[in-house]
Amino acid sequence: MNTAVLISNDMLRAVSGSPTRSGLRVKKCYKRPLPPGIVENGRIYDEAALQAELRAFFSKNKLPRRITLVVDSDSAQFRLQTVPLLPPDKLRRLVRNEFDSLGATAETHLYDYIVLSPRVEPAGGVILGTALERSAVQSTAKLFAGIGVTISVLTLSLPCVIRALRQYPRLSNKSYILTVLDRNNVSSFLFIDGIYRFSNRSRLYEERDTPAAAVELSRTLSSMVQFNLAQKTGAVIAEAYVSGALPDETPYFSDISESLGIHIGVLPPPTKAGEDFFRASRENASDYLYLIGALLG
């Protein structure tokens, strides 16, 4: 049994579960609201307050002392790479070399990758290389150490999204957008024929749960649709899903859908990753998407 933890702008979240042959068995999920001003864009602005919140979160829920940490930070870097068929250690070296050419170094960054398309002609594949500044997680690791918790695995939110969405068979060949709302932050992900293609981070400047904020969200989704057209992928974006929406925000979806000409909705529980648990608990599975993907890694 493993436990993944996410520190977002407005919430501490955790999921405990175990991978299975077909997906993931979820045992329990946890959450604790964070006061404004402690975390923004994955950056910690009040370490003492966050450590107090973490201590209370772990103590109340009796969470384990070894965890997987999901980092959702604007300091993370990503690169799509077409690579030859190579063993994992050589692929990591290619990823490191790619980011080294952009100014990153092994002393300052952590590297990893996720396979997107295992076979493309001629004799290669497509991966998403990832790089994260070590300094972005050093202070977080110290906060966890201060409450007796060890980070055994570190992963980024984008690879987690990709893994989690693979648990939706109906999306396997679809072209769609996923948008994640985290307080006033918006992360949007474009998938073409079921494969990740592009992502973007932005902010909502209007107050959440207002018509003005819904207009901003509509513009964000529209920009992703326009990006797809500009890239001439040949795919038609007919669906968009929103995670992190407040209960009173979902009525705006119909207006956005009519304006853009695409279906807007909330992701149902993943059929191969805790569907029974999330339906029984009445928790919104899409709010735990990063954590589901982390446990599948």
Side-chain angles (χ1 to χ4, degrees), residues 19-24 26 70 72 76 78-85 91 95 112-130 155-181 186-201 220-244 253 257 260-275 278 284-297:
T20 65
R21 289 184 178 180
S22 60
L24 179 71
V26 175
V70 180
D72 181 36
F78 305 98
R79 297 280 288 186
L80 288 172
Q81 296 175 251
T82 300
V83 297
L85 300 178
L91 282 177
V95 170
D112 203 356
Y113 71 92
I114 181 172
V115 176
L116 301 181
S117 299
R119 289 286 190 277
V120 294
E121 297 299 332
V126 178
I127 65 172
L128 177 72
T130 69
T155 186
L156 297 174
S157 56
L158 177 51
C160 289
V161 163
I162 294 168
R163 292 190 197 100
L165 290 175
R166 288 172 178 169
Q167 306 305 305
Y168 289 84
R170 66 173 298 273
L171 297 178
S172 60
N173 295 306
K174 293 287 186 68
S175 298
Y176 61 95
I177 300 165
L178 170 70
T179 292
V180 178
L181 303 176
V186 184
S187 298
S188 295
F189 309 91
L190 176 65
F191 287 77
I192 302 297
D193 297 329
I195 299 173
Y196 168 80
R197 178 65 65 89
F198 175 74
S199 58
N200 181 52
R201 295 173 71 97
T220 298
L221 293 170
S222 177
S223 70
M224 298 295 282
V225 173
Q226 294 305 314
F227 175 84
N228 175 62
L229 292 173
Q231 293 296 302
K232 299 180 180 180
T233 65
V236 176
I237 307 299
E239 300 176 345
Y241 298 96
V242 180
S243 169
F253 289 179
S257 178
L260 300 181
I262 61 177
H263 168 76
I264 311 289
V266 175
L267 271 179
T271 53
K272 298 193 291 182
E275 179 179 24
F278 284 109
N284 190 338
S286 68
D287 291 343
Y288 297 88
L289 211 57
Y290 293 161
L291 297 165
I292 291 169
L295 292 176
L296 289 164

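Being a predicted model, the structure only gives us computed values, none of them experimental.
Using modelled atom types, one finds a donor on one side chain and an acceptor on the other under 3.5 Å when comparing S188 with T179.
Between the CD atom of Q81 and the CG atom of L91 there is a distance of 9.0 Å, given to the nearest 0.5 Å. The structure places OG1 of T220 at 13.0 Å from CZ of R201, a figure rounded to the nearest 0.5 Å. Taken to the nearest 0.5 Å, the OG atom of S286 stands 5.5 Å off from the CG atom of L267. Interatomic distance, R197 CZ to M224 CE, rounded to the nearest 0.5 Å: 11.5 Å. Atom CG of residue N173 and atom CD1 of residue I192 lie 12.5 Å apart, to the nearest 0.5 angstrom. If you take OG on S199 and CD1 on I177, they are separated by 12.5 Å, rounding to the nearest 0.5 Å.
Residue S175 comes nearest to V236 through the heavy atom pair CB-O, 3.8 Å, listed as atom of the first residue, atom of the second, then distance. Closest non-hydrogen pair, I292 versus P270, comes out as CD1-CG, 4.1 Å. Smallest separation of non-hydrogen atoms from A240 and L221: CB-CD2, 4.2 Å. Between P159 and F78, the shortest heavy-atom contact is CD-CE2, 4.2 Å. Contact between A76 and L156 at its shortest, heavy atoms only, is CB-CD1, 4.1 Å. Smallest separation of non-hydrogen atoms from L24 and P19: CD1-N, 3.7 Å.
Side-chain contact between V95 and R79: absent, with no pair of heavy atoms (C-beta onward) separated by less than 4.5 Å. Proximity of Q167 to L296: side-chain heavy atoms (C-beta onward) are separated by under 4.5 Å at one or more points. Counting heavy atoms from C-beta outward, Y288 and P269 have side chains that stay 4.5 Å or more apart. Counting only heavy atoms from C-beta outward, the side chains of V180 and D72 never approach each other to under 4.5 Å. Residues R166 and V161 form no side-chain contact, since every pair of their non-hydrogen atoms from C-beta on lies 4.5 Å or further apart.
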Original post:
side chain to side chain contact (heavy atoms under 4.5 Å, CB included) between I114 and I127: does it pass, once the steps are laid out?
Top reply: CA-CA 6 Å; I114 181 172; I127 65 172; over 6 Å; no
Original post:
Given D287 and S243, is the side chain to side chain contact (heavy atoms under 4.5 Å, CB included) satisfied, shown in steps?
Top reply: CA-CA 6 Å; D287 291 343; S243 169; 3.8 Å; yes
Subject >> Residues Y113, V83; criterion side chain to side chain contact (heavy atoms under 4.5 Å, CB included); working and verdict >> reply: CA-CA 12 Å; Y113 71 92; V83 297; over 6 Å; no
**OP:** Go through the steps to decide whether I162 and F189 satisfy the test side chain to side chain contact (heavy atoms under 4.5 Å, CB included), and finish with yes or no.
**Re:** CA-CA 9 Å; I162 294 168; F189 309 91; over 6 Å; no
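Taking the six-membered ring for Trp, F198 and F227 have ring centres closer than 6.0 Å.
Under a 3.5 Å cut-off, the side chain of S257 and the backbone N or O of I262 do form a donor-acceptor pair. Side-chain atoms of Y168 come within 3.5 Å of backbone N or O of P268 as a donor-acceptor pair. Panel note: side chain T130, backbone D112; a donor-acceptor pair is recorded below 3.5 Å.
Using cut-offs of 30° and 60° on the angle between ring planes, the pair Y241 and Y176 is perpendicular.
For the side-chain contact (heavy atoms from CB on, under 4.5 Å) criterion with T233, the lone passing option out of D193, L190, N228 is N228.
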